[in-house]
Amino acid sequence: MQNMEISWAFRELADLLEFEGEVFFKIRAYRRAAKVIAGLEEPVVELYRRGTLARVPGIGKNILAKIGELITTGEMKKLQELRRKWPPGILEVMALPGIGPKRARFLHEQLGVTSLAELEEAARQKKVRALRGMGVKTEQEILRSIELVRSRQGRILLPLAREIAGELASYIQDTPGVYKVTVAGGIRRWQETVDEILLVAAAEDPEPLLNALAAYRRVREVLVRESDRMRVQTWWGVPVELRVVGLPAYGAASLWATGSAEHWRQLQALAAQRGYHLDMRGLAGADFPSGNDESVLEDAPAPVPPVPGAPLPREEEYIYRRLGLWPVPPELREGRGEVELAAGGVPPRLLEVEDVKGDLHVHSDWSDGANSILQMVQRAKEKGYRYLAITDHSRSLTVARGLSLERLQEQHSLIKELNEKERDFRILTGIEVDILARGGLDFPDEVLAEIDVVVASVHSGFRQDKETLTSRVLQAIENEHVDIIGHPTGRLLGEREAYALDMERILEAAAKYGKILEINSSPDRLDLNEHYARLARDYGVKLAVNTDAHDLRRLDEMPYGVAVARRAWLGPEDVVNTLDLPDLLRLLGK
DNA sequence: GCCGTTTTCGGCCCGACTGTTTTCAGTCG
């Protein structure tokens with residue numbers, strides 16, 4: 001039983017209890033446990049066996065017992081009971097923006113709504129507006145939200161996709177007769193979200209691999225089975241496709257399965273021009289010379305590369321070279337001009353994780369972070385960083401225990417003290433200052449002037465109109481003490497649309513005032529996204545790739561932001577936190 | 001539910017916004 005599954009069980013438990021109207025604190029305790037478990041670095045099963053799980057904050061007697069139940073029986077009685085009691089669709093209803101437990105319950109009682117489809121039907125028949133406490137606007141908002149949810153249905157975020165793909169790939173890898181396995185598709189290209197997981201395996205005989213996949217404990221259903229491919233539905237709800245080829249076809253199959261479709265189409269066209277024929281069985285007329293050479297088995301890379309920019313399998317590289325191209329990194333394979341680019345000159349130097357010398361947006365337990373400043377610093381050092389900016393929330397964000405002026409000053413004197421003991425590392429004082437709903441910033445200029453790194457972010461008034469929101473952000477950009485605009489568009493993937501912003505005006509202003517825009521690496525944000533990041537560079541705006549980490553583990557999410565930068569064709573020179581400390585300080589005007 | 005004790009139960013939960021109201025409930029960050 002993986003941490004993720006245990007965490008999910010408690011989240012579902014909390015959701016169902018919330019629907020039932022259980023007391024707030026109990027629900028919050030379960031949610032906290034779910035979050036804590038998801039953030040644990042060690043397997044819960046291990047901690048449980050060792051008897052140290054109860055020491056984890058947020059896990060008391062009751063939750064410990066439920067975890068024990070999950071580990072030993074694979075089920076949790078309380079959860080099963082609730083699942084039997086309520087239709088599964090009500091959780092989707094409750095998850096709609098603007099619909100909480102009370103309204104979900106009310107809709108269930110008054111209209112018999114048990115699913116999104118039924119709610120949609122009721123709203124279309126104008127039955128929702130007739131209910132007490134709801135009106136036309138609510139009804140329209142519900143229909144809009146359902147539309148949003150539909151559009152993202154079936155797509156999962158990259159970290160989950162990577163985890164599932166890694167688990168399956170290593171399982172397949174262990175099947176006898178397998179030479180190597182690659183995770184391909186959108187995962188390999190570091191797309192924001194994916195709707196399927198594609199695996200390519202090289203083996204003499206596909207049969208045992210397909211049998212193995214069909215028998216995997218988290219495969220729910222075999223959707224398609226052919227002699228060399230299988231498509232299955234999994235326990236996680238995301239379909240997985242495995243394609244098995246012989247070693248000589250491995251490079252072509254991996255290229256094909258990695259895509260994108262457009263990139264592949266352009267490669268095929270180029271091959272035809274050069275008198276070859278390229279399909280997923282290989283590059284006819286130019287086979288990989290050592291296609292059956294046992295030595296190809298030795299350089300098999302990890303199925304799920306930990307960072308973007310991993311070396312290509314040499315069979316892929318060979319095909320690019322034969323087509324007169326330099327090998328195109330998977331992140332660029334979107335058919336957005338990379339094939340033309342790869343036909344001439346030298347490859348661009350794209351940003352790499354190793355270029356990053358520090359993180360300029362992280363939280364500590366002074367506001368809503370889980371770890372102390374020292375713990376965050378320690379981890380930053382382990383990552384080889386030279387600096388770390390502690391940017392806790394400002395006073396207005398009370399839910400996040402935003403810092404009062406006094407606490408801010410207290411924190412900054414602590415940081416100054418800590419810095420006296422540091423060598424070759426600098427803790428930068430910082431703040432994530434709220435861009436207030438009424439305009440202006442949460443701290444006065446004279447306070448901001450004293451801070452090394454000022455990140456300004458919107459956390460309220462998301463639904464204001466475009467003009468209002470744009471002018472709020474413009475005001476922040478024009479403030480001489482602001483350095484970085486944090487998660488500039490405010491989107492939460494699959495949860496909340498970006499707020500209405502006139503991005504061209506924002507980019508113009510950022511260029512004019514020399515302000516840095518953030519690429520927030522949090523996988524549910526990735527904000528700016530790759531399109532705006534590229535646009536920003538075209539405007540001459542510098543970017544900062546930050547994690548916005550609220551705990552130690554999320555400091556590790558830097559690769560996701562780096563992937564966005566790479567997909568935007570950015571190099572180290574476009575990103576400020578590749579600078580050495582003195583250069584960075586100069587840029588910040590410190 | 002958990003936590004922290006002042007060891008056995010009380011504290012944890014804030015404030016703005018919105019749409020619906022006739023004075024406020026529900027949602028959300």
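Letters A, B, ... mirror the listed sequences (proteins, then strands); counts begin at 1.
Applying the Watson-Crick and G-U wobble criteria (two distances, each under 3.5 Å), B:dT8 pairs with nothing in any strand.
Comparing the P positions of B:dC9 and B:dA16 gives an interatomic distance of 37 Å, to the nearest angstrom. Here, B:dG10 and B:dT5 have their C1' atoms 11 Å apart, quoted to the whole Å. Between B:dG1 and B:dC13, the two C1' atoms lie 15 Å apart (nearest whole Å). Remark: the separation of the P atoms in B:dT7 and B:dC14 is 25 Å, to the nearest Å. The P atoms of B:dT22 and B:dC17 are separated by 22 Å, rounded to the nearest whole Å. Taking atom C1' on both nucleotides, B:dT18 is separated from B:dG11 by 30 Å, rounded to a whole Å. Taking atom C1' on both B:dT8 and B:dC2, the two are 14 Å apart, rounded to the nearest angstrom.
For the pair A:K61 NZ and B:dC2 C1', the interatomic distance rounds to 12 Å; values are reported in whole Å. Atom pair A:R129:CZ and B:dT21:P shows a separation of 13 Å (rounding to whole Å applied). Atom CG in A:D368 sits roughly 19 Å away from atom P in B:dC12 (whole-Å rounding). A straight line from CZ of A:F462 to P of B:dC28 spans 12 Å, rounded to a whole angstrom. One can place CZ of A:R28 at 9 Å from C1' of B:dG1, the figure rounded to the nearest angstrom. Nucleotide B:dT21 holds its C1' atom 15 Å from the CG atom of A:L131, rounded to whole Å. Atoms CZ (A:R103) and C1' (B:dC24) sit 12 Å apart, rounded to a whole Å. Atom CD1 of A:I142 is separated from atom C1' of B:dG26 by 13 Å (rounded to the nearest Å).
In this structure, of B:dT27, B:dG1, B:dC14, it is B:dC14 that holds the atom nearest to the side chain of A:T398. Closest to the side chain of A:P97, out of B:dT27, B:dC13, B:dC28, is B:dC28. Counting only heavy atoms from C-beta on, A:F24 has its side chain closest to B:dC13 among B:dT20, B:dC13, B:dG1. Here B:dG1 is the nucleotide among B:dG1, B:dC17, B:dG29 with the atom lying nearest to any side-chain atom of A:Y30.
Here A:A437 lies in heavy-atom contact (under 4.0 Å) with sugar-phosphate atoms only. Contacts of A:L13 with the nucleic acid, taken as non-hydrogen atoms under 4.0 Å apart, are absent. A:V458 comes within contact range of no nucleotide atom at all, as no heavy-atom separation falls under 4.0 Å. Nucleic acid contact class of A:L397 (heavy atoms, under 4.0 Å, all strands): none. Within the 4.0 angstrom heavy-atom criterion, only backbone atoms of the sugar-phosphate kind lie near A:I59; the bases stay farther away. As judged by a 4.0 angstrom heavy-atom cut-off over every strand, A:R132 is placed among residues making no nucleic acid contact.
Near DNA chain B, meaning a heavy atom under 4.0 Å from it, residues 36-49 of chain A has no residue at all.
Each of A:N529, A:T547, A:D548, A:D527 was checked for a side-chain hydrogen bond (donor to acceptor under 3.5 Å, both in side chains) with A:N520, and the lone residue meeting it is A:D548.
In terms of modelled atom types and a separation under 3.5 Å, the side chain of A:E518 and the main chain of A:H487 share a donor-acceptor contact. Between the A:E557 side chain and the A:S521 main chain, no donor and acceptor come within less than 3.5 Å of each other.
Stacking between A:F25 and the base of B:dC2 is absent under the criterion of ring centres within 5.5 Å and planes under 30 degrees.
An OP1 or OP2 oxygen of B:dG1 is reached within less than 4.0 angstrom by no side-chain nitrogen or oxygen of A:R32. Phosphate contact (OP1/OP2 of B:dT20, side-chain N/O of A:T138, threshold under 4.0 Å): present.
Side-chain contact annotation: A:S372 with A:D365, donor-acceptor N/O pair under 3.5 Å absent. Checked by atom type, the side-chain pair A:W86/A:E20 shows a donor-acceptor distance below 3.5 Å. Judged purely by distance below 3.5 Å, without hydrogens or angles, the side chains of A:N577 and A:D359 never pair a donor atom with an acceptor atom. Looking only at atom types and distance, the side chain of A:E450 has no donor-acceptor partner in the side chain of A:H412 under 3.5 Å away. A:D502 and A:T470 form no side-chain donor-acceptor contact under 3.5 Å, judged by distance and modelled atom types alone.
For A:A104 and A:Q464, each mapped to the nucleotide of DNA chain B holding its nearest heavy atom, the one lying further toward the 5' end belongs to A:Q464.
Between A:R144 and A:E141 there is a salt bridge, since at least one side-chain N of the basic residue sits less than 4.0 Å from a carboxylate O of the acidic one. A:D195 and A:R155 are joined by a salt bridge, as a carboxylate oxygen and a charged side-chain nitrogen come within less than 4.0 angstrom of each other.
Using a 90° window around 0 for the glycosidic torsion, B:dT18 falls outside it and is classed as anti.
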